[in-house]
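Structure first, then comments.
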There are 2 protein chains.
Amino acid sequence: MPAPERTSLEAIVSAARALLEAEGLAGVTMQAVADRVGVRAPSLYKRVRNRDELIGLVVESTMRDLGDAVDAAADGEPRGALARAARAVRAFAHERPAGFRLVFAPGHDVVLDPDVLGRSSVTVLRLAAELAGDAHALDAARTITAWVNGFVGMELAGAFRLGGDVDEAFEYGLDRVVAAIVDG
Amino acid sequence: MPAPERTSLEAIVSAARALLEAEGLAGVTMQAVADRVGVRAPSLYKRVRNRDELIGLVVESTMRDLGDAVDAAADGEPRGALARAARAVRAFAHERPAGFRLVFAPGHDVVLDPDVLGRSSVTVLRLAAELAGDAHALDAARTITAWVNGFVGMELAGAFRLGGDVDEAFEYGLDRVVAAIVDG
DNA sequence: ACCTGAACACCGTTCAAGT
DNA sequence: ACCTGAACACCGTTCAAGT
């Protein structure tokens, strides 16, 4: 009648994230996750409804980390803070490319937790308001966010093959886009 | 000894694209594709090495269509042409969201045909050169492309839930980003 | 209360056998 | 030369049976 817990939801999500980076989304198999946490595959269904839910939890925890990284980078005067936040997003994407892609380009629709989504937007929204004014804060935040995500997404997809310095292209675009929303 | 061909590569790719939009990437099954073209699954392997190659062909043909749509929209004076091209990308993404996502956010790396990739960049690069000058043409093209892809990608991912008019946000960002690369 | 082996449906892929 | 049924390995998921 006892019932020793041999794993935890946290360990399962953590194993799935490690597998995602190491083997890609296709490598995040219930069996592979189970192996990593030292349990048989059917046992995972005690903590997780199915694989889709597990992937959703990976997305959520990745978003949380990204939000933390942005928040940590975004201090100081608003213009510099926004630039540092943008570079933090790019650095995060380089460190965990599979996770970043999964968050911003879900194959089938993921259940985004509104709380997590909202929290990660707050910092950018505040900076945008300071730079573009309250009336255009949301539009300005969307513009800079779209540009950063688009740039990094294309970079990860290998879409920049016409040569040129990609680091320089990022700084060029960052400078232009931030300037564009400032004199709003 | 004869050998009646009961399908073709074109029909197979076309069936895969229809399935992609109707059922999502997971619905693009070798069996489902085979059913649509009126053949058994093993027969597909006469025209296609495996499922990954088939998905790659879907990406390629989708990119070709997108390039055609951009080219068709991008006439007239450069600034208006660039804006129309950007709206054409967004319209294409709304018509074929699954295809668009697959192109710009491949789960595992897709074999991008450099020819197709290059051709679709040429128009934007030309317009960028006219607006930003030859020295910054590539950076400017990357900036506008990144913003459009990022905006549309976030829109498709359902990342715009803080309210506000998304159409207006697009026009706001488009205006700002185009202006930002012009006075370069 | 959690864990497991066995089982099922489904999928990608191969291959020998048909025409 | 293309098509097919049969077969294999693998995966997600369920469930009755263990402790």
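Sequence lines set the chain letters: A, B, ... in the order given, protein chains first and strands last, and positions in each chain run from 1.
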How about A:Asn50 and A:Leu54: do any of their side-chain heavy atoms sit closer than 4.5 Å?
no
Do A:Leu9 and A:Leu57 have side chains that approach each other closer than 4.5 Å (heavy atoms only, starting at C-beta)?
yes
Whole-Å distance between D:dC11 C1' and A:Leu25 CG?
14 Å
What's touching nucleotides 13-16 of chain C from the protein side, N or O pairs under 3.5 Å?
unit_1 : atom_1 : unit_2  : atom_2 : d
C:dT13 : OP2    : B:Tyr45 : OH     : 3.0
C:dT13 : OP2    : B:Arg51 : N      : 2.9
C:dT13 : O5'    : B:Tyr45 : OH     : 3.4

From CD of B:Glu5 over to P of D:dT4, roughly how many Å is that when rounded to an integer?
13 Å
Does any part of the side chain of A:Glu95, heavy atoms only, come nearer than 4.5 Å to the side chain of A:Glu21, both counted from C-beta?
no
Using the side chain to side chain donor-acceptor pair (under 3.5 Å) criterion, which residues pair with B:Arg126? Sequence neighbours excluded.
B:Glu130
Using whole Å, report how far CG of B:Leu19 lies from P of C:dC11.
11 Å
B:Glu23 CD - C:dC10 P separation (whole Å)
15 Å
Between D:dG12 atom C1' and A:Ile55 atom CD1, what is the distance in whole Å?
12 Å
Qualifying salt bridge (Lys or Arg N to Asp or Glu O under 4.0 Å) pairs with a residue from residues 29-49 of chain A, counting only residues at least two apart or across chains
A:Glu5-A:Arg47, A:Arg49-A:Glu53
With a 4.5 Å limit on heavy-atom distance, are the side chains of B:Arg17 and B:Ser61 in contact?
yes
Nucleotide of D:dC3, C:dT4, D:dG5 approaching A:Arg6 most closely (side-chain heavy atoms)
C:dT4
Side-chain donor/acceptor pairs under 3.5 Å, residues 147-159 of chain A, sequence neighbours excluded:
unit_1   : atom_1 : unit_2  : atom_2 : d
A:Glu155 : OE1    : A:Arg90 : NE     : 3.1
A:Glu155 : OE1    : A:His94 : NE2    : 3.3
A:Glu155 : OE2    : A:Arg90 : NE     : 3.4
A:Glu155 : OE2    : A:Arg90 : NH2    : 2.8
A:Glu155 : OE2    : A:His94 : NE2    : 3.1

By side chain to side chain donor-acceptor pair (under 3.5 Å) - contacts of A:Arg87 (at least two apart):
A:Glu171
Round to a whole Å and report the spacing from CD1 of B:Ile12 to C1' of D:dC3.
12 Å
Once pairs are restricted to Watson-Crick or G-U wobble with both distances under 3.5 Å, how does DNA chain C read as a dot-bracket string, [ ] for crossings and | for other-strand pairs?
||.|||||...|||||.||
Mind checking B:Ser43 for me? I need base, sugar-phosphate or nothing, with any heavy atom below 4.0 Å counting as a touch.
base
How close or far is atom C1' of C:dT19 from atom NZ of B:Lys46, stated in whole angstroms?
14 Å
So what does B:Thr7 hit on the nucleic acid, given a heavy-atom distance under 4.0 Å: a base, only sugar-phosphate, or nothing?
sugar-phosphate
From B:Arg84 atom CZ to B:Asp75 atom CG, the distance as rounded to the nearest 0.5 Å:
6.0 Å
Whole Å only: how far is the CG atom of B:Asp35 from the P atom of D:dT4?
11 Å
